Each structure stands twice: as C-alpha cells, then as structure tokens.
Amino acid sequence: MTPRTEPTAVSPEAAPAGTPGQIAAGFAEYLASPDGPQFLNPDAVRTPGPDVSIRTVTADGRHGPVAVRIYGEPAGTDSPALVWLHGGGFVSGSVDIPESDYLARVLADQGTPVLSVDYRLARDGVSFPIPHDDALAGWFWARENSESLGLNPRLLCLGGAGAGGNLAVGAALYLIDAGKPLPAKLLLAYPFLHAELPPPAGGLDEAVMAELPRHLRFTLEDCIRTAENYVGGPVSMAPSYAMPGYADPAGLPPTALLACEYDDARGSSELFASALERAGVPVSYFLAQGAVHGHLNHTAGLPEGQPALDFLARELAAATAV
C-alpha cells in the first residue's frame, strides 16, 4: 500500500472546541438526530454542487420499497457508474447530506452517474439486516437496470462513507458468498468497519484531537454502542456482513480507501487496507491531511475538499470491467 497524501482540510486547530453539552453527549447520542452531525465550519462560503439531472426510482427490497436517487447521465457505455451509501452511524444522514448529494453532483457532472441508496436507518426498532438488505436492493436494482440506463453493468462500482462504507463492504461480502457479480471497484471514505477501533498507525496528535467537537471523537464506548445499535444486540452476535472489518477480505474487488488524518477511526481504514493487501486485493489508499471524520461533509463546496474528490474520481475512472 502506497499512501498518497495532500493537505486538504480546514485546520482542526481552527475548529470550534466542543461545548460542555457536546462533551457530555457521546457520539451515539449526537448521531441520534436524523440530520446528522453539523459542519465544522458552517459559516464558510461554499460553492454549490453542479446542476445535473436527478431522478428517483424505487427498488423492491426485502423489507419494502427502497428509494434510489440517480444523478447524471452516462458519458458512454465504457464509463463507470457508482452505487453510493451515505454515512451517519447507521442512525442519521440521508441522500441529502453533502457527502452524498454534493459528491454525487460532482461525479455526475464529470460523466460518472451516481445511484444514491436511501437505506433505512437503524432507529425505532430497525437493525441489521434491514439496512444491509436495503443496500443490496439498491445494488441489485442498479445491476438489473444498468443497460436501460445506458450503463455497463461490468463497470458498476459500489461505495460509501462511514457507516455507508460498512454497508458497501458487507454487501460485497454477501455477493461473494451468493456467487453474484461483484462491483468493479469498492470506494470507501473513512468507513466504520470494526466495533473496537484499532489505534491509528503513528498515533494521533492529541493536542489537535482535544480541540475537536465531541461528536467527532470515537471512544470505545461510542463505537460499541453504535455497533450494538446496528447489530441489534451484543457485538459478539454480529455476522461478517454487519461488521465486515473482521471478515476474510479475500475475493473482494479492487478497493480505494479515503482516510482522514485527525480521525479516531483512521486505524480501521489502515487495518482493513493491510488485510486487503495480505489477501491479494489491489488497494489504493489516500490520507487526507488535516482532515477529520466526515471530511466529505465538512469540506463540501470548499477548495479543501477537492483533493479527496479528485482521488475518488480518479479511482472511478480507473475501474476495469469485471
């Protein structure tokens, strides 16, 4: 694994420190809001996402209909497309948050259609396997309808951010076991793959981390509670599709990983990248220097986020048919 690094994000030193109320509230509680985390820099002047064609279709899922929002039109039958899953700790976020909507607009404007899956959140009694099944429903719909959309099914990629990265890897593992066609590539942004986060290589700058708002920190308790809420019980009950970081990654498609420098969850991406390499899976790793968890949300429409978007766009363009 040869990491590529570029300075990309607003300096965390300039980020507002957590208020006493934020410090008292854990990550899981904060994410209990359907709207998800706030921006680090809400007053920044942001460039709006490109104006692209958008339409919504409905996929038939095991637990009911699943909305899929389609951005853009294919540049040609030899161009890739991306099925994308937003983040939010499984309990918040939507296809409207920037790491989903803004990313999709940028990629679609460059000729890569994006199919964003509005999976059910793990709230109000919903737990695994419902979000996992919804992700698969979106994937299967995209695969089955790719030709009518002008897409090459063999160039269809799958990805997600945070919890969405978990759902993408879990779906790919299911496809392997079921003998179904795999994505041409996985694209993962700061994925949540392990219930107990391994420490990042080289550690973290604790002086910088201490200045971050509480909702951007991952304690062991936060991670366990987030995982247990999604699994619907103890983490020990979690199958590999629910916590895919513990699974054997052999057979997964080539994978692009975007990690963030100031992110407690960076160790999960590093550990997964190493596991992929040992299994012989091609992996590209990009470390966004100065970035925090939720980088695609915090820097949407800002110059600081462009290198990460460029990395994902390059990885999509380099996808080869399976």
Side-chain angles (χ1 to χ4, degrees), residues 4-19 21-22 25 27 30-31 33-54 69 71-72 82 84-89 92-114 116 118 159-165 187 189-190 205 207-217 258-263 265-266 286-316:
R4 283 178 272 176
T5 62
E6 297 181 37
T8 58
V10 175
S11 171
E13 289 88 338
T19 65
Q22 288 174 320
F27 184 74
Y30 186 77
L31 285 186
S33 167
D35 295 333
Q38 299 176 352
F39 294 129
L40 270 179
N41 43 3
D43 298 327
V45 179
R46 300 171 183 272
T47 302
D51 185 12
V52 299
S53 65
I54 297 175
R69 183 184 291 177
Y71 293 77
L82 175 65
W84 184 254
L85 301 153
H86 67 80
S92 69
S94 70
V95 295
D96 293 319
I97 64 174
E99 74 180 11
S100 185
D101 181 72
Y102 184 82
L103 173 141
R105 289 174 180 273
V106 169
L107 294 177
D109 188 57
Q110 296 176 6
T112 301
V114 177
S116 187
D118 196 13
L187 286 93
Y190 38 88
D205 187 326
V208 173
M209 300 301 291
E211 293 299 314
L212 293 179
R214 177 63 181 87
H215 68 267
L216 291 179
R217 298 304 310 271
L258 166 65
C260 304
E261 181 180 11
Y262 298 116
D263 183 3
R266 193 181 83 223
F286 181 91
L287 177 64
Q289 293 184 339
V292 299
H293 192 82
H295 180 56
L296 297 175
N297 272 321
H298 303 308
T299 61
L302 300 176
E304 294 85 354
Q306 194 59 48
L309 292 173
D310 289 343
F311 166 71
L312 295 175
R314 286 195 304 268
E315 289 297 321
L316 280 167

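Predicted model, so just to flag it, every value in this text is computed and none were measured.
Among all heavy-atom pairs drawn from V95 and S116, the shortest one is CG1-OG, 3.3 Å. In plain terms, the two heavy atoms of Y262 and D205 that are nearest each other are CE2-CB, 3.9 Å. Nearest heavy-atom pair across R46 and T299 is NH1-C, 3.8 Å. Of all non-hydrogen atoms in E261 and G290, the two that sit nearest each other are OE1-N, 2.5 Å. Residues L82 and T112 share a closest heavy-atom pair of N-CG2, 4.4 Å. Taking each heavy atom of R266 and A259 in turn, the nearest pair found is CG-CB, 4.0 Å.
Between L40 atom CG and H298 atom NE2 the span is 4.5 Å, to the nearest 0.5 Å. Residue L258 holds its CG atom at 8.5 Å from CG of L287, rounded to the nearest 0.5 Å. One finds the CG atom of L316 at 4.5 Å from the CG atom of L187 (value rounded to the nearest 0.5 Å).
In this structure, N297 contributes its side chain and E99 its backbone to a donor-acceptor pair below 3.5 Å. Here the side chain of Y190 pairs a donor or acceptor atom with the backbone of L296 at under 3.5 angstrom.
In this structure D101 satisfies the side chain to side chain donor-acceptor pair (under 3.5 Å) test together with Y71, R105, sequence neighbours excluded. Partners of D109 according to the side chain to side chain donor-acceptor pair (under 3.5 Å) rule, which considers only residues two or more places apart in sequence or in another chain, do not exist here.
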Let me see the working for Y102 and L309 under side chain to side chain contact (heavy atoms under 4.5 Å, CB included), right down to the final yes or no.
CA-CA 10 Å; Y102 184 82; L309 292 173; 3.8 Å; yes

Assess the residue pair C260 and H293 against the criterion (side chain to side chain contact (heavy atoms under 4.5 Å, CB included)); give the C-alpha distance rounded to whole Å, side-chain angles, the decisive distance to 0.1 Å, and a yes or no.
CA-CA 6 Å; C260 304; H293 192 82; 5.7 Å; no

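Looking at R217 and D263, no side-chain N of the basic residue comes within less than 4.0 Å of a carboxylate O on the acidic one, giving no salt bridge.
Remark: of the listed residues D118, V114, D96, D96 is the sole one forming a side-chain contact (heavy atoms from CB on, under 4.5 Å) with R69.
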